[in-house]
Number of protein chains: 2
Amino acid sequence: MTQKMNTEARREQITGAALVLLAERGSEGFNIADLAESVGLVPSAIYRHFEGREDVLDATLDVFRDRVYGLVEAARNEAEDPLQALELLLTRHARLIESGGAVPHIMASMSAPDRHAARPAKTQKIFTGYVARVERLVRDGQESGQVRSDIDSTSAALLFAGMIQPAALLRHAEGERFDIMAHAAGVWELFRRAVARD
Amino acid sequence: MTQKMNTEARREQITGAALVLLAERGSEGFNIADLAESVGLVPSAIYRHFEGREDVLDATLDVFRDRVYGLVEAARNEAEDPLQALELLLTRHARLIESGGAVPHIMASMSAPDRHAARPAKTQKIFTGYVARVERLVRDGQESGQVRSDIDSTSAALLFAGMIQPAALLRHAEGERFDIMAHAAGVWELFRRAVARD
DNA sequence: CTCCCATGTGAATCCATCTTCACATCATAA
DNA sequence: TTATGATGTGAAGATGGATTCACATGGGAG
């Protein structure tokens, strides 16, 4: 029999594995059997720790949110200034996607409505929260004079989000052939030119 | 009994309805019963015109591709120059999303793998085809001197695609409250500043 | 050391779809 | 007008995955 674990540790293990599966296949392809297998359990064992599939997804979404928001906070703290924070954030997103943690893929896939329908609302809230955090960085940049004051911070934040999303799709489509780090660098140049005060 | 129709007309009606349903709920929530109902048929009738669910999705993807590529061609033909074509294209995407035809939503949702797995490859091909077409517009702009020649056309094309994708998500999340036309205008200003030769 | 409850298992069972099938009906071609 | 094949219908069957449940087992409190 698989080693027993207390529920708390097991839940973390499971949500972590779920995040990987979601990045690979989206929520449609996500199923309990594969999830169980990926943590070395039998499907029914999942129900010792979660109420059901939807509950797993919900908990996984929490993990996801914390990681993504954590990325923004880390970038903010480590960078010297807001513009550099944005660049750092972009780089880290790219690296995350490169290593398989397809953030935007998850976003898109989880927001598809299902009949129980608490999940899409939650996903969307995570996205708007993300955009709001980026927007704050942009506004900070405006206050510090690095970013042009005549641009709309919301537009800039959405544009920033948009730099990452297609990259994840392409990465999925083309795999290794798509050099996502190079993409990040190229697109950052464009973004900087659009928003930076020169 | 529902009026009979010849298969060709019925297929068009069905794929059209499928596109609407996909935009609303993604491929996960897409089911034959609802599709049948939305064209006033009984589920089994769908099988008179398609081999099965996957076949419906495949055919719908064709319709989708033609519409999206058609949008690019139309913009190219109607505009005076490449840059204007891009702006026109962006506006039309926005309008399409506003009226419920959530293009990027469909993209993301259809690319999720399933076990038969021909669909994701096809979806991704549509996306890369779209990016390639936008990239051509960018290069045309470079040749005509409107667009800076020192930017990477692929990066620019992906950035362009990225202007639309988050907008569709937000539109889904916030509905009417999110003014997508205003977003398009704001983000276009940024894009233009990034790529236009001034 | 031993008992017990949280955790793990395998075999049902449930359930929502998709899919098939025998039968009905309409469009249309001759 | 009528025969025929294409299209529509309802009910039954097949499928795949989620969920439940009775039973097994091991880690740790006492």
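Per chain, numbering begins at 1; letters A, B, ... match sequence-line order. Being a predicted model, the structure only gives us computed values, none of them experimental.
- Contacts of Arg53(B) with the nucleic acid, taken as non-hydrogen atoms under 4.0 Å apart, involve only primed sugar atoms and P, OP1 or OP2.
- Rounding to whole angstrom units, CZ of residue Arg48(B) and P of dA24(C) are separated by 14 Å.
- If you measure from atom CD1 of Ile46(A) to atom P of dT9(C), you get 10 Å, rounded to the nearest angstrom.
- Dense packing is recorded around CZ of Arg76(A), with more than 12 heavy atoms of other residues, nucleotides or ligands lying under 6.0 Å away.
- For the pair Glu12(A) CD and dT7(C) P, the computed distance is 14 Å after rounding to whole Å.
- For the pair Arg11(A) CZ and dG8(C) P, the interatomic distance rounds to 13 Å; values are reported in whole Å.
- In this structure, the CD1 atom of Ile32(B) is 17 Å from the P atom of dA16(C), given to the nearest Å.
- Across the interface with DNA chain C, nearest-nucleotide mapping of Met5(A) and Ala33(B) shows Met5(A) to be the residue nearer the 5′ end.
- Among the protein residues, Phe50(B) comes within range of no part of the nucleic acid, since none of its heavy atoms lies under 4.0 Å from any strand.
- In this structure, Thr7(B) does not reach the dA6(D) phosphate: none of its side-chain N or O atoms is under 4.0 Å from OP1 or OP2.
- A donor-acceptor contact under 3.5 angstrom links the side chains of Ser27(A) and Glu28(B), judged on distance only.
- Residue Asn31(B) contributes atom CG, which lies 16 Å from atom C1' of dG16(D) at whole-angstrom precision.
- Residue order along DNA chain C, read from the 5' end via each residue's closest nucleotide, puts Gly40(A) first among Tyr47(B) and Gly40(A).
- Residue Ala45(B) places its side chain closer to dT9(D) than to any other of dC23(D), dT9(D), dC18(C).
- With distances taken from any side-chain atom of Met1(B) to the nucleotides dG10(D), dT25(C), dG27(D), the minimum falls on dT25(C).
- In the set dG8(D), dT9(C), dT9(D), dT9(D) carries the atom at the smallest distance from any side-chain atom of Val42(B).
- To the nearest angstrom, P of dG8(C) lies 9 Å from CG of Asn6(A).
- The phosphate of dG8(C) has OP1 or OP2 within less than 4.0 Å of a side-chain N or O from Arg10(A).
- Residue Ser44(B) places a side-chain atom within donor-acceptor reach of the base of dG10(D), judged by atom type and a 3.5 Å distance cut-off alone.
- Minimum heavy-atom separation, Val187(A) to Leu90(A): CG1-CD2, 4.1 Å.
- We find that CD of Glu8(B) is positioned 15 Å from P of dA6(D), with the value rounded to whole Å.
- The side chain of His49(A) places no N or O atom within less than 4.0 Å of a non-bridging phosphate oxygen (OP1 or OP2) of dA6(C).
- Close to dT25(D), at under 4.0 Å from its OP1 or OP2, lies no side-chain N or O of Gln3(A).
- Contact check on Glu189(B) versus Arg192(B) returns a salt bridge, with a Lys/Arg side-chain nitrogen under 4.0 Å from an Asp/Glu carboxylate oxygen.
- Looking at the side chain of Thr2(A), the nearest of the listed nucleotides dT25(C), dT9(C), dT7(C) is dT9(C).
- Using modelled atom types and a 3.5 Å distance limit, the side chains of Arg10(A) and Gln13(A) yield a donor-acceptor pair.
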